[in-house]
Each structure stands twice: as C-alpha cells, then as structure tokens.
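See below for the structure under consideration.
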Amino acid sequence: QIQGMPYGNCLLLSDGPVNNSTGIPFFYVTPKDNTVADLLKNPVASLTLPEADGNFCRKNVIDPEDPRCARLTLTGQMVTVPPEEVEFAKQAMFSRHPVVRKWPRSYEWFFMKMNIEHIWLQSWYGEVSAIGVE
C-alpha cells in the first residue's frame, strides 16, 4: 500500500565484536521483513544513531531525542554480506546480540551491511556537519 515510499524500521546492528569495531554497520535480517524486501529492490538507505549511550545527555538530564543530543546519520547502499565476510558478520552480530542465535531458522536469516557513502553529524539545533567517510 505504500510502495515507493520511504519506510523506517528498527533493526539490530553491530559494527564488529566489542574488541574489533569497524564502523561498518552489519545487520542480521530476513527477507520476510518488508524493510528487507524493499532494500533488496532498492538498496539506498539511511541509518540514524542517537547519542543515547553517551554521557552528555544523561549527565545533563536531557531527553536523547532532544536536538542538543548529537545524532549521526549514515547513508549508503545496503548489500548482502559476501561469503568471505559472513564469519566476521556472524561474530559481530552474535557477540553483541546473543539472542539472535535463538531466532527461528525458518525465517531464512542472512547478513547485510551498509556501504557508507555519506556521514552527517547533527550536534545542535538544526546544525549538520558533513564528515568524511574515511
């Protein structure tokens, strides 16, 4: 019913095991999810990460969705993780989110990652700074 329209969803992500963060977002997904079905047709996506885990907002008792709490937005192409990277993606996801090991196998889970093309940091009301991908 909303074909061709942007659609948002919450997905578990990991950028690597705790001791080996890469900055590349990996996802464990199923083609049965409408978001994933859409991404397989049109891989352009954006991902916004809030400063919710940082100290500034917590220390100053500021709602994590308040514009004074920084947020990082990554945009790029979502791609299926190639076979040579699947083991790393598995370690990345399962080490940070052990519960996914128990998800039903019948859902045909697989790994995707975002090939980041642009990075924007919003650190105050309306101000956005471009950050180099490298």
Could you tell me which residues satisfy ring pair (Phe, Tyr, Trp, His ring centres under 6.0 Å) with Phe27, sequence neighbours excluded, listed by chain and number? none
Please report the closest heavy-atom contact between [X] and [Y], naming both atoms and the distance.
X      : Y     : answer
Ile116 : Gly23 : CD1-O, 3.5 Å
Pro31  : Ala37 : O-CB, 4.1 Å
Ser95  : Pro17 : OG-CA, 3.4 Å
Phe88  : Asn20 : CE1-ND2, 3.3 Å
Leu74  : Pro25 : CD1-CG, 3.9 Å
Val36  : Thr30 : CB-O, 3.2 Å

Is Arg96 close to Val18 at the side-chain level, that is, under 4.5 Å between some pair of heavy atoms? yes
So do the side chains of Leu11 and Asp33 get within less than 4.5 Å of each other, counting heavy atoms only? yes
Identify whether Trp120 and Leu49 are in the same connected component of the hydrophobic contact network (ILVMFWY, side-chain heavy atoms under 4.5 Å). no
For a side-chain contact (heavy atoms from CB on, under 4.5 Å) with Thr73, tell me which candidate from Val128, Leu121, Leu47, Thr48 qualifies. Thr48
Can Leu72 and Ile131 be said to form a side-chain contact (heavy atoms from CB on, under 4.5 Å), step by step? CA-CA 10 Å; Leu72 190 71; Ile131 297 175; 4.1 Å; yes
Look up atom OG in Ser46 and atom NE2 in His118, then write down how far apart they are to the nearest 0.5 Å. 11.5 Å
Heavy-atom donor-acceptor pair, Thr22 side chain to Gly16 backbone, under 3.5 Å: no
Can I get a per-line list of side-chain donor-acceptor pairs under 3.5 Å for residues 77-84, giving both atom names and the distance, sequence neighbours left out?
none

Hey, can you pull the donor-acceptor pairs under 3.5 Å for the side chains in residues 97-115, sequence neighbours left out?
| from | atom 1 | to | atom 2 | distance (Å) |
| --- | --- | --- | --- | --- |
| His97 | NE2 | Leu13 | O | 2.9 |
| Trp109 | NE1 | Pro104 | O | 2.8 |
| Lys113 | NZ | Glu85 | OE1 | 2.9 |
| Lys113 | NZ | Glu85 | OE2 | 3.0 |

